[in-house]
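Working notes, structure below.
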Amino acid sequence: MKSLHRVLIAKRGEIAIRIRRAIHSRGGEAVAVYAGIDSASLHIQGCDVVRRLPGSGIAPYLDIDAIIAAARDTACNAIHPGYGFLAENAEFAQRCAEEGITFVGPSPSALALFGDKTRARTLAQQLDIPVIPGSEGVLHDVVQAMQAADRVGFPVMLKAAAGGGGRGMRVVTHAQDLAAAFDRASSEALAAFGNGAMFLERQLDRPRHIEVQILGDTTGNLLHLHERDCSVQRRHQKVIEIAPAPNLDPALRDRLLSDAIKLTRTASYVNAGTVEFLVIPESGEYFFIECNPRLQVEHTVTEQI
């Protein structure tokens, strides 16, 4: 892999500052981009080169053409997306590859795979990694959702096939509520991710949420950085992260770590990522739910251990 001598940071805020520090610690040069609303923001201070992106609001941070142009104009040979914005955008990663710019993240194929939770779920099943009983593939309408829910049994959890962060998710306890919940969840997913596709799984009662951070290089080496417990949530969004996960059975921990590596190795995963599982405390059963193909906000918790 070529040396990353000048890296454009396609992000704002805390993670952009952390990336800048990492680049400088390796002897590289950091290029910051910013929208007009961030002209006085901390993330552009201390960088070797600064470029303003055209446009207003936060839209410039999502402008693939503008960011690629900024990287070319400043002679960058790499772009680090951090998290959010374009970090999980397979089209952006592909454009970087076509321009000869290293995308500091997973490959376009891995982003496309794990960006679709139904495809990731299918891969896990092929690898004999447990998944929650649910629909097979994407649900295109309420009729398909009802058929899947009848097969799985209520209550069920409707989920957006693309995206995350608790958006496009609804718990449905009774059949008569499914149609309205499906429409709301799909509309929310479409507005948030540009994709209203849905799937569903059986709703589990108060599971533990355990996630495994992994790290892969371009020569095939892949390792885990142990697990975090993010069971304390509000509206399906994490509130508290604990690492290592307290009171987790050692044998169960080993299976989670092993399955996280097996899944991502099969996908030829490169860079940082997080494989997420739900665990039933009483039985010790566990289920794969998704893989986040990016550096996570919670990376600092893992760094501490």
Side-chain angles (χ1 to χ4, degrees), residues 88-91 109-211 230-231 233-239 259 263 266-267 274-283 285-294:
E88 298 180 64
N89 189 304
E91 178 190 351
S109 61
L111 288 171
L113 168 62
F114 292 121
D116 183 338
K117 294 177 183 176
T118 60
R119 287 184 59 196
R121 174 186 166 92
T122 297
L123 175 61
Q125 290 174 297
Q126 292 171 350
L127 297 173
D128 293 324
I129 298 172
V131 299
I132 303 171
S135 58
E136 298 300 327
V138 170
L139 300 171
H140 297 285
D141 52 43
V142 175
V143 173
Q144 290 184 339
M146 185 62 73
Q147 292 171 344
D150 285 341
R151 185 176 65 255
V152 170
F154 287 93
V156 298
M157 171 73 83
L158 287 169
K159 293 184 176 181
R167 288 169 291 183
M169 297 177 68
R170 294 290 189 282
V171 176
V172 184
T173 304
H174 304 290
Q176 61 266 31
D177 300 324
L178 183 65
F182 184 93
D183 289 342
R184 288 196 301 271
S186 181
S187 296
E188 184 176 286
L190 181 62
F193 315 121
N195 184 342
M198 303 297 297
F199 70 108
L200 67 76
E201 294 174 336
R202 179 184 297 159
Q203 169 68 2
L204 303 181
D205 184 32
R206 298 177 65 83
R208 292 184 69 177
H209 194 144
I210 308 294
E211 56 188 23
C230 53
S231 302
Q233 301 187 11
R234 182 174 183 269
R235 296 179 180 173
H236 312 299
Q237 296 191 54
K238 303 162 190 175
V239 177
D259 279 352
L263 182 78
T266 301
T274 300
V275 183
E276 302 195 8
F277 300 91
L278 294 183
V279 174
I280 308 301
E282 295 79 12
S283 65
E285 292 179 281
Y286 68 94
F287 305 95
F288 164 77
I289 54 171
E290 64 180 327
C291 175
N292 292 306
R294 54 173 165 78

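Numbers here are sequence positions counted from 1.
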- What pair of heavy atoms forms the shortest contact from Ala160 to Phe199, and how long is it? O-CE2, 3.6 Å
- Message: I need the minimum non-hydrogen distance between Ala181 and Leu158, along with the two atoms involved.
- Response: C-CD1, 3.8 Å
- Message: Just so I know, are the side chains of His209 and Ile289 near enough to count as touching, which here means a heavy-atom distance under 4.5 Å?
- Response: yes
- Message: Show every side chain to side chain donor-acceptor pair (under 3.5 Å) that has at least one partner inside residues 143-163, sequence neighbours left out.
- Response: Lys159-Glu201
- Message: Please find the pair of heavy atoms, one from Ala148 and one from Leu139, that lie closest to each other, and give the distance.
- Response: CB-CD2, 4.2 Å
- Query: Which side chain to side chain donor-acceptor pair (under 3.5 Å) pairs, counting each pair once, include a residue from residues 189-198, with sequence neighbours left out?
  - Reply: none
- side chain to side chain donor-acceptor pair (under 3.5 Å) contacts touching residues 175-191 (sequence neighbours left out): Arg170-Glu188
- Message: If I compare all heavy atoms of Met146 with all of Phe154, which pair ends up nearest, and what's the gap?
- Response: SD-CZ, 4.3 Å
- Considering all heavy atoms, the nearest Ala90-Ala112 contact: CB-N, 4.1 Å
- Within-4.5 Å side-chain heavy-atom neighbours: Arg121 and Gln125: yes
- Note on the structure: So OH of Tyr286 and CG of Asp259: to nearest 0.5 Å the spacing works out to 3.5 Å
- Query: Would you say the side chain of Met157 lies within less than 4.5 Å of the side chain of Val171, judging by non-hydrogen atoms?
  - Reply: yes
- Query: OG1 of Thr173 to CG of Leu178: how many Å apart, nearest 0.5 Å?
  - Reply: 11.0 Å
Ignoring hydrogens and angles, write down the donor-acceptor pairs under 3.5 Å from the side chains of residues 129-138, residues two or more places apart or on other chains.
from	atom 1	to	atom 2	distance (Å)
Ser135	OG	Leu200	N	3.1
Ser135	OG	Leu200	O	3.4

- For Glu88, salt bridge (Lys or Arg N to Asp or Glu O under 4.0 Å) partners two or more places apart: Arg294
- Query: If we only count heavy atoms from C-beta on, is the Phe288 to Leu263 side-chain gap below 4.5 Å?
  - Reply: yes
- Item | For the student: nearest non-hydrogen atoms of Met198 and Phe182, plus distance | CB-CE1, 3.8 Å
- salt bridge (Lys or Arg N to Asp or Glu O under 4.0 Å) against Asp116, all qualifying residues, sequence neighbours excluded: none
